[in-house]
Amino acid sequence: MGMLLIRELNINGCGDFADVLVQTNQPVTPEQMKKLHHELTRLNNEQECPDTDDVVQEAVRNILGSTARCIDYNLLEYGGRMTL
């Protein structure tokens with residue numbers, strides 16, 4: 001089993017990004033990564049107002065097949081001082 005973090009850069013023109021986590025049954029090959037990058041770019045350019053999650057889900061299905069799936073995750077940051 002493998003995990004792939006896909007990050008769309010500069011989603012709002014101000015440098016922000018969006019992440020989607022993908023679970024795969026096997027490691028993603030370099031060739032699949034190239035194809036996936038191309039497919040993400042193609043789908044993002046074809047849609048008028050592309051949603052990151054939708055674009056990633058479609059690209060993953062098209063390139064990696066139905067066994068790979070986007071999964072929910074939460075981010076927990078730590079370090080430094082926490083104030084309550």
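Note that the coordinates shown come from a computational prediction; the quantities given were computed from them, not determined experimentally. Both backbone and side-chain heavy atoms feed into the values below; hydrogens, waters and symmetry mates do not.
Distance check, rounded to the nearest 0.5 Å: CG of Leu64 to CD of Glu39 gives 10.5 Å. Cys70 SG to Arg61 CZ: the interatomic distance, rounded to the nearest 0.5 Å, is 9.5 Å. Rounded to the nearest 0.5 angstrom, His38 NE2 and Leu43 CG are separated by 9.5 Å. Tyr73 contributes atom OH, which lies 6.0 Å from atom CG of Leu5 (distance to the nearest 0.5 angstrom). With values rounded to the nearest 0.5 angstrom, Glu46 atom CD is found 11.0 Å from Thr41 atom OG1. The distance from the CD atom of Glu31 to the CD1 atom of Ile63 is 10.0 Å, given to the nearest 0.5 Å.
Heavy atoms from other residues, nucleotides or ligands lying under 6.0 Å from CE of Met3 number more than 12. For CD of Gln47, the number of neighbouring non-hydrogen atoms (other residues, nucleotides, ligands) closer than 6.0 Å is greater than 12.
When side chains are defined from C-beta on, Asp19 does not count as touching Glu8, because their heavy atoms never get closer than 4.5 Å. Contact of the Leu9 side chain with the Arg7 side chain is registered, since non-hydrogen atoms from C-beta on lie closer than 4.5 Å.
With Val20 as the partner, the side chain to side chain contact (heavy atoms under 4.5 Å, CB included) test is satisfied by one option alone out of Ile71, Val56, Val55: Val56. When the options Leu36, Leu21, Thr52 are evaluated for a side chain to side chain contact (heavy atoms under 4.5 Å, CB included) with Ile6, the one that passes is Leu36.
Within the 3.5 Å criterion, the main-chain N or O of Cys14 finds a donor-acceptor partner in the side chain of Asn10. The main-chain N or O of Gln32 is found under 3.5 Å from a side-chain atom of Thr29 such that the two form a donor-acceptor pair.
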**Evaluation steps, side-chain contact (heavy atoms from CB on, under 4.5 Å), between Thr67 and Gln26** = CA-CA 9 Å; Thr67 59; Gln26 51 203 348; 5.9 Å; no
